[in-house]
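Okay, so here's the structure we're looking at.
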Amino acid sequence: MGLTRHPWLPNLGSVGEMMSSIGISSLDQLFSDVPQSVRLKKPLNVAGKPLSEQEIVRRLEELERKNTQLVCPPFLGAGACPHYVPQAVKFVIGRSEFYTAYTPYQPEVSQGLLQAMFEYQSYMAELLEMEVVNSSLYDWGSALSEAVLMAHRVTGRRRVLVPETINPFHLQVLKTWTYGRGVVVERIPFDHRGLLSIEALEAELSKGEVAAVYVQQPNFLGVLEEELESVVELAKKHGALSIMGVNPLVLGVVRPPGEYGFDVAVGDGQELGLSLNYGGPMVGFFAVRWEGRLVRQMPGRIVGLTTDSEGRQSYALVLQTREQFTRREKATSNITTNEALMALANLVYLSLLGPNGLRELDEEIMSRSHYAARKLREVGASLPYSGEFFEEFLVRFPARYSKVKERIRSRGLHGGLQLDENSALFCVTEVHSKDNIDKMVEAVAEVM
Amino acid sequence: MGLTRHPWLPNLGSVGEMMSSIGISSLDQLFSDVPQSVRLKKPLNVAGKPLSEQEIVRRLEELERKNTQLVCPPFLGAGACPHYVPQAVKFVIGRSEFYTAYTPYQPEVSQGLLQAMFEYQSYMAELLEMEVVNSSLYDWGSALSEAVLMAHRVTGRRRVLVPETINPFHLQVLKTWTYGRGVVVERIPFDHRGLLSIEALEAELSKGEVAAVYVQQPNFLGVLEEELESVVELAKKHGALSIMGVNPLVLGVVRPPGEYGFDVAVGDGQELGLSLNYGGPMVGFFAVRWEGRLVRQMPGRIVGLTTDSEGRQSYALVLQTREQFTRREKATSNITTNEALMALANLVYLSLLGPNGLRELDEEIMSRSHYAARKLREVGASLPYSGEFFEEFLVRFPARYSKVKERIRSRGLHGGLQLDENSALFCVTEVHSKDNIDKMVEAVAEVM
Amino acid sequence: WEEPLLFQYKGKNRVGLAVPREDVNDRVEVPSSVKRRNPLELPELSELEVVRHFIRLSQMSYGVDVGMVPLGSCTMKYNPKVQEAASKLTENAHPLQDEDTVQGVLEMLYDMQNWLAEITGMEQCSLQVPAGSAGELAGVLMMKKYHEDKGETRTDMLVADSAHGTNPASAAMAGFKVVYVKTDHRGLVDYGLLKEIVGPSTAGFMLTNPNTLGLFEENILEIADTIHSVDGKLYYDGANLNGIVGVARPGDMGFDIVHLNLHKTFAVPHGGGGPGAGAICAKGDMVDYLPGPLVGRVDGSYSWSMEPHRSIGRIATFHGNVGNVVRSFAYLLGLGSDGVNMLGVMSTLATNYLMSRLQDVRGLQLPFPGRPRKHEVVYSVTPAYNEIGLTAEDVAKGLLDRGFYAPTIYFPPIVQESLMIEVTETEPKESIDEFARALYDVMREAYSDLKAVKQSPKRTSVSRLDYVKANHPSTFTPTFRVKRLREEGSLQVLK
Amino acid sequence: WEEPLLFQYKGKNRVGLAVPREDVNDRVEVPSSVKRRNPLELPELSELEVVRHFIRLSQMSYGVDVGMVPLGSCTMKYNPKVQEAASKLTENAHPLQDEDTVQGVLEMLYDMQNWLAEITGMEQCSLQVPAGSAGELAGVLMMKKYHEDKGETRTDMLVADSAHGTNPASAAMAGFKVVYVKTDHRGLVDYGLLKEIVGPSTAGFMLTNPNTLGLFEENILEIADTIHSVDGKLYYDGANLNGIVGVARPGDMGFDIVHLNLHKTFAVPHGGGGPGAGAICAKGDMVDYLPGPLVGRVDGSYSWSMEPHRSIGRIATFHGNVGNVVRSFAYLLGLGSDGVNMLGVMSTLATNYLMSRLQDVRGLQLPFPGRPRKHEVVYSVTPAYNEIGLTAEDVAKGLLDRGFYAPTIYFPPIVQESLMIEVTETEPKESIDEFARALYDVMREAYSDLKAVKQSPKRTSVSRLDYVKANHPSTFTPTFRVKRLREEGSLQVLK
């Protein structure tokens, strides 16, 4: 025993007492059933000597210093956009009654968490104008995958149509997750404005056997899709489910999936009050229309309203017969752990902003992104697609982007995501001040 | 009305409704009783336009960048010593049920806070070996002042003897606070080892009229006083109260005031889990022996144990008849606001360390301070006083200290507090790694 | 919960925080004459036990984040969460660091000195006072030293009979004789009486305006003239400033010294009793007496360069509760001028709105009716006391059972069975409605089932406490040490 | 508390967070065809209302920081507070930043990859999986692709009948047929049966060891040989690793793939259901199939340079739950090698100690007795069920009333009326004692007053719930929108 006292191992000083209560004289007896041949021959070598908390913090700070300190968040989006995270959000998810809780299996002592999840579902339902929302999945990519697997289950078909302008990371996840079930993912091209080609979509649909049509709003080029009614209609006509992937942040000003009549909506709550966290945890949402076959086939946990034995309004996990711990291989998904705490962050964020704040924020973001785009054009860059955009936009430079990028870095800033030799996807939000946008554009101007 | 919505002013949108409930038609009517001649003629000009939270944080970060980022905390003590603040301490005092509470006037809904204050008093009582502790005063200086004023009330005398090695900031506070009551503060010299001269003390005491004798452990030179029994005896003999000021952190290894028989103990909990906070908030503690005249004359709030109407163990503010809100000008002090949250931090800190941790920490600090002192001597500095020290020690340099200090600063470090042209008081604790001590000594060596 | 005391935890050989070890060969022991002899009688706890214990205790505590705390004269505002982030600016700064290394901190303090001077109509502010009572002490000492500098001994400090208890207590600490000025039938300072009292031995007058009844002292300019006519000084107790911020300034009313409670008017959290943060501001010849030093600005850099010539000296060990001043700084940044100018209006609106919801409640009386209140209002339950024996304390406990904190009771002393209510501008209208309903409900219940109210609170973690036991010399137990020693029989009855 | 829904708040024209405004003249509107038409039906709230609401909800939630959560197979450890500070390392990093700007993050991930490989006895780990079920999916897909690469179609995935429900669900998601392997009379895999089942269509075997009964599979080497003899792959479900960390490694037992739940074994907080963090580790020819890329180190700098040749592809949008991986990193730094090597011993000690306190409790039965348990133990209340009709759920609810969270119930399915208890090494001995007393107390009460137990919980914020109402198509209410539309009459019964 190398340790005699440790803050996280309270019983080191009680080993003797506990052993005698058990009736053993050596700790080894606890492992009498483990064959000697698989017992560790020498101790594990992990993480060096135990560090005191102070030393842990010092080690972490040492690593922090190895990260480059940027002047402001990167102009990077592509599935994870920097936004300001309110202190109240951090405060609420820092309440350890929430973050040290398990899935609320015992509703009587978990009403707070259950109510919060019900409220999360309810907020998302209003935002999406869809009736049923689960209490979160891992991220956009996995939510999309679950939606497609559900469409496969519901329709029995294997073809899935997605736009060429799908986020490529989501596409990769989709392919991985659906590979085992033999789903085939096909891509639909886009037009000169950067919008999904409805003609091409119709052509592919008419070939038949399509389980689902997926669209993304805004799409990977940052462009807002304008003809989504047609997508829903066409999908319906051909017996396919319609799935809309949407950045929920835009819904303060943009038409929600429910208004179009989409069967399923998915996306990520990352832009609603989550730190970037180097890409995770994020929080996938999953919503369906009020239709039995969809509700019964949807994955993930759902909290519903009910009453207790004294008639008080209360909350509980519902439709558990869909889930793996009861249905096993017949479950609608294998998911257990979700992203409840991140869903809570979404809820707190939205409740702080409210309808007015969300709309104002959307307007402010659009102003700033359009300001940045205009300034970039003024110094000689171009925007290849003319569709309206929200916070992201594709920029083409006359110079090589690697040079542009480097110059931007020299100002302590970080440019957009390189897509080809001359283009990059830029993201501008409320965390990018006019000042920093100007600095970035100045740097760009120098290499034009 | 310049604002229409603000996160902290919920009723801006309800003004009309509220006015009509009141029965007024203009907000001005609320101030009909304020003479026009004193009404503001133009709006206050404070802090510019309202900032969003994000902008507040940006402004604060801007200011943070104007502070110099040091490699490690300064080698500065003199009444505020840098220590590691455990995450659990920050976590507990960040529980807003605690920090947004008022003084627990309604014990039935404040048992948690009251129990914590009772535990704080109890922990300090064990540390000090004194029976009665209040639930905190502002800081060491004001606690000392209150002790002296109490001695003045109890004895009716005006002379107070303090060592020349008293912390000069405490001395200044003492003079300010007791000036109104006509208390005269006199200083007792120290010997070649840096210890209080008992002979000089006795001489002054025999002149009579002494209300209190004060000693400080360790004293301002960092030296541990060794003859405190004599101080208590002499004070008693001459009818003066004996007051010990003590850094509670040392009490893991050092004799506490109660063991000597001091009447009063004061000091600051800053070194028990508080950040430096540029000198405040700190937390003065105040303890007395189990004697009625002392208990009834002590200042500040005290939480005591009692039972409720159903016999459950419970906690309440006690001896309130001493306090200003009942006794007004006859109160034992004017204090209302104390430092409860900082006292809570002390409690959490001590409960984490426990008796073993505190002793180990004391030993570690002594090792490091003595290592630093030895290293400094090795490069040519000297320690003018030979008394044993804890974490602080006076260093004399052959060079001017201003030069030494500058050189230390060039390494991103911050030296000790200059006391005269060639001397400075250094403080070394568990936050100063061997590495950083070595770096500091290296810098010193260069100017020797 | 019934959470045991930490001393009742039984673990052995535990620690909740590991001490780092540096490999230096300088192990020394303290001299034996100084060495602690008795083992420390403290429990041994793991990190989990400590955290769990305090989480449980926190859940048995009530603060503004849990519900409304309508304590009169305490200004229990909402404390915006951004304040917690603000504390990073000052957290790791040592008070004796070279000034060039803490320019950010000093700039913040400089701004705060100026903003508070602007708000109060004073010339200069010192942020050194850690809270209100220390500010008052500073204020009365400033007056004392001022008169002494003139070679005069002024013995009398005038105090309104409705004043906070700290006013006379502070005056007494400074060695003054306290002379009370009565309240007249309108709830204001009896100006006629004041003129009679004021004389050559008058050092000053400590006043709060609006006063503790929430009423504005209409004669304030006349009062100031009267005090100034004998070269007395007018002192403003800032506890009640919230009702007039942006409407009127103490400086414009003739006050010479103002203390502020940043934990009231400027949203520093109260911390369960503290720490707060304070300011003491002055104008005219009182500026020279402020506790010093103050932050000055020369050539764009900040330093502790302004030392008032006749300063009363240091009132706190270092620079005051800077870690809380920065919380007010963040609060003021968020309000901006527009917000600051609405504080008085919105808090006064809230008070008068509450009053409009409490009209004609049986048993509840509004003393000094017919005038608008400012930040707070005082009711009396004397009618109910006389009719059925209901006390203000009963009402307070009844409110606890309805999920609210209680108002201040039995203060100010000039109103019998008083409830002193302050809602602040941060409470939504709906909370005020609910509070009014709860208070109405308690009064209604008292008339139908007095015993039920007398037995409240019932829904709290404990019921009404035994104060005799708590305070009696033979059972007084301020620490676990006393309990242990008494049980061991080694402690006498406190004499 | 009875805290209303946010939707029941009535404020108007409120906002809880101000939006910053930058003065740029580029106001644009979204095209009208894309513009939202219906107003957002969300409440308007001030910051105070939001904070207060969630504080109240938090107080109605139970987590490890509140008390013991003895959920079997969930490993609800204490989450050290230093972890919260750790998240700063990753908080503001964008997943697509240039690698040279996130060297600190990458170094941390690199260390974690290696440490987890060492702990499991695997060659390489991918941290991309956000939690356990995604790790399982990755694992079965790896097996699928492996066999396909050989040109074989293997249809069967073997799963122990005591396995976590995720195992068969994951296998099904990957398109496998699930074949259950029965548990024998000792509570272990029926090895004889297994040998009969294994054949050319066997893709692999998903196993956890110790199993869900807390028993170590003694025949593990033989099992591995059997699976490997047909070129099947042995998959380790890491949910139960805590019982053997530092004692034995899956890699040394013959496992080819291991998934880990960092939120179980490595102390990432469970977050009320998530987010967790996961790892999927492999050795031998399975390394090439890991989800990629992995962090590699070249010349002291770190990058996403290691791409497994036959990777199944991306399983998460970016790099997994890095913000939680760093919490495990801090945890492992604090334990160090010495601590990690004691995890299995201390957690197993805790379980067996609990068992020693639960001997001879009437109505409680220990299935498969006579063997030491590892991280968890499963009891059955079948005797009490048969005698008096007491169910496992009743016992669970009785424990809630005694201040504890309940164990996992009705799992594993091979034990009737089961209570699956895991205490972990972070619970002090005294907590275990109290839990044992509470369980004893529930059983005792059941025999003396069954009705009382059946009516529990009574001391919680609500009592037992109406699940019929919650799930019935005509009353199923997953969102406030459904409630509103139903009340408006514009919603049909769910068909």
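Note on naming: letters A, B, ... go to the chains in the order of the sequence lines (proteins, then strands), and numbering restarts at 1 for each one. These numbers were taken from a predicted model, which means no experiment stands behind them.
- For the pair A:Thr306 (side chain) and D:Asp466 (backbone), a donor-acceptor distance under 3.5 Å is present.
- Interatomic distance, OG of D:Ser356 versus CE of A:Met19, reported as 12.5 Å (0.5 Å rounding).
- No donor-acceptor contact under 3.5 angstrom links the side chains of A:Asn45 and D:Glu118, judged on distance only.
- Counting only distance, with no hydrogens or angles, the side chain of D:Asn341 and the backbone of A:Leu44 share a donor-acceptor pair below 3.5 Å.
- With a 4.5 Å cut-off on non-hydrogen atoms, A:Leu127 touches chain D through its backbone and its side chain both.
- Here the shortest heavy-atom pairing between D:Ile55 and A:Phe91 reads CD1-CE2, 3.6 Å.
- Using a 4.5 Å cut-off on side-chain heavy atoms (C-beta onward), D:Val30 and A:Met366 make contact.
- Interface residue A:Leu149: only side-chain heavy atoms are found under 4.5 Å from chain D.
- Contact between D:Thr317 and A:Phe169 at its shortest, heavy atoms only, is O-CB, 3.5 Å.
- Under a 4.0 Å N-O distance rule, the pair D:Arg21/A:Glu364 qualifies as a salt bridge.
- A donor-acceptor distance shorter than 3.5 angstrom exists from the side chain of A:Asp308 to the backbone of D:Ser463, with no hydrogens or angles considered.
- Across A:Asn67 and D:Gly104, no two heavy atoms sit closer than the pair OD1-N, 2.8 Å.
- In this structure a side-chain-to-backbone donor-acceptor pair under 3.5 Å is missing from A:Glu329 to D:Ala172.
- Once rounded to the nearest 0.5 Å, the distance linking CD of A:Glu97 with OG of D:Ser58 reads 4.0 Å.
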*asked:* For a side chain to side chain contact (heavy atoms under 4.5 Å, CB included) check, start with the C-alpha distance between A:Leu276 and D:Asn92, then their side-chain angles and the critical distance, and finish with the verdict.
replied: CA-CA 5 Å; A:Leu276 289 170; D:Asn92 297 314; 5.7 Å; no
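- Both the backbone and the side chain of A:Gln172 come within contact range of chain D, judged by heavy atoms closer than 4.5 Å.
- For chain D, the nearby parts of A:Leu353 are the backbone and the side chain; heavy atoms of each come within less than 4.5 Å.
- Within the 4.5 Å cutoff, no side-chain heavy atoms of D:Tyr353 are placed close to those of A:Glu17.
- No salt bridge links D:Lys483 with A:Glu131; every basic N to acidic carboxylate O contact stays at or beyond 4.0 Å.
- With salt bridges taken as basic N to acidic carboxylate O contacts below 4.0 Å, none links A:Glu129 and D:Arg37.
- For A:Glu64, the parts lying under 4.5 angstrom from a heavy atom of chain D are both the backbone and the side chain.
- Contact of A:Val295 with chain D is made through the side chain alone, with heavy-atom distances under 4.5 Å.
- For A:Arg409, the part lying under 4.5 angstrom from a heavy atom of chain D is the side chain only.
- For A:Val92, the part lying near chain D is the side chain, with the backbone staying farther off; criterion is any non-hydrogen pair under 4.5 Å.
- Both the backbone and the side chain of A:Lys434 come within contact range of chain D, each with at least one heavy atom under 4.5 Å from a heavy atom of that chain.
- With hydrogens and angles disregarded, a donor-acceptor distance shorter than 3.5 Å links the side chain of A:Asn11 to the backbone of D:Glu427.
- Taken to the nearest 0.5 Å, the OH atom of A:Tyr179 stands 6.5 Å off from the NZ atom of D:Lys144.
- Atom CG in A:Asp139 sits 8.0 Å away from atom CG in D:Asn321 (nearest 0.5 Å).
- Interface remark: A:Arg181 contributes backbone and side-chain atoms alike to the contact with chain D (heavy atom separation under 4.5 Å).
- For A:Tyr138, the part sitting under 4.5 Å from any heavy atom of chain D is the side chain, from C-beta outward, and nothing else.
- Of all heavy-atom pairs spanning D:Val34 and A:Glu225, the tightest one is CG2-O, 3.6 Å.
- Contact tally against chain A (heavy-atom pairs below 4.5 Å) for D:Val178, D:Leu96, D:Asn79, D:Thr90: the top residue is D:Leu96.
- Only the side chain of A:Arg59 has a heavy atom closer than 4.5 Å to any heavy atom of chain D.
- In this structure, the ring of D:Phe318 has its center no less than 6.0 angstrom from the ring center of A:Tyr278.
- How far CZ of A:Phe31 is from OG1 of D:Thr348: 3.5 Å, rounded to the nearest 0.5 Å.
- By the 4.5 Å heavy-atom criterion applied to side chains, A:Arg39 and D:Val247 are counted as neighbours.
- Taken to the nearest 0.5 Å, the NZ atom of D:Lys495 stands 9.5 Å off from the CD atom of A:Glu291.
- Remark: the backbone N or O of A:Leu3 is not paired with any side-chain donor or acceptor of D:Asp338 at under 3.5 angstrom.
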_Please determine whether side-chain hydrogen bond (donor to acceptor under 3.5 Å, both in side chains) holds for the pair A:His414 and D:Thr101, giving the CA-CA distance in whole Å, both sets of side-chain angles, and the decisive distance to 0.1 Å._
CA-CA 9 Å; A:His414 193 299; D:Thr101 66; 4.5 Å; no
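- With D:Arg36 contributing its side chain and A:Leu251 its backbone, the two residues share a donor-acceptor pair below 3.5 Å.
- A donor-acceptor pair is defined here as one N or O able to donate and one able to accept, closer than 3.5 Å; no such pair exists between the side chain of D:Glu47 and the backbone of A:Ala88.
- Using a 4.5 Å cut-off on side-chain heavy atoms (C-beta onward), D:Leu349 and A:Ile22 make contact.
- The two residues A:Pro74 and D:His94 make their nearest non-hydrogen contact at CG-CB, 4.0 Å.
- Using a 4.5 Å cut-off between heavy atoms, A:Pro43 touches chain D through backbone and side chain atoms alike.
- For the pair A:Glu430/D:Glu22, no side-chain contact is recorded, criterion being any heavy-atom separation below 4.5 Å from C-beta on.
- Side chain of D:Ser337 to backbone of A:Val46: a donor-acceptor contact under 3.5 angstrom is found.
- A:Ala340 and D:Gly272 get closest at one heavy-atom pair: CB-O, 3.4 Å.
- Counting heavy atoms from C-beta outward, A:Pro107 and D:Val462 have side chains that stay 4.5 Å or more apart.
- Using modelled atom types, one side-chain atom of A:Trp290 and one backbone atom of D:Gln492 make a donor-acceptor pair closer than 3.5 Å.
- A ring-centre distance under 6.0 Å is found for D:Phe7 and A:Tyr123.
- Residue A:Thr100 is tested with D:Val66, D:Val69, D:Asp65 for a side chain to side chain contact (heavy atoms under 4.5 Å, CB included); the sole match is D:Asp65.
- Relative ring orientation between D:His270 and A:Tyr102 is described as tilted, the plane-to-plane angle lying within the 30° to 60° band.
- Interface residue A:Ser433: backbone and side-chain heavy atoms are both found under 4.5 Å from chain D.
- When each of A:Gln106, A:Glu360, A:Lys175 is checked for heavy-atom pairs under 4.5 Å with chain D, A:Gln106 comes out on top.
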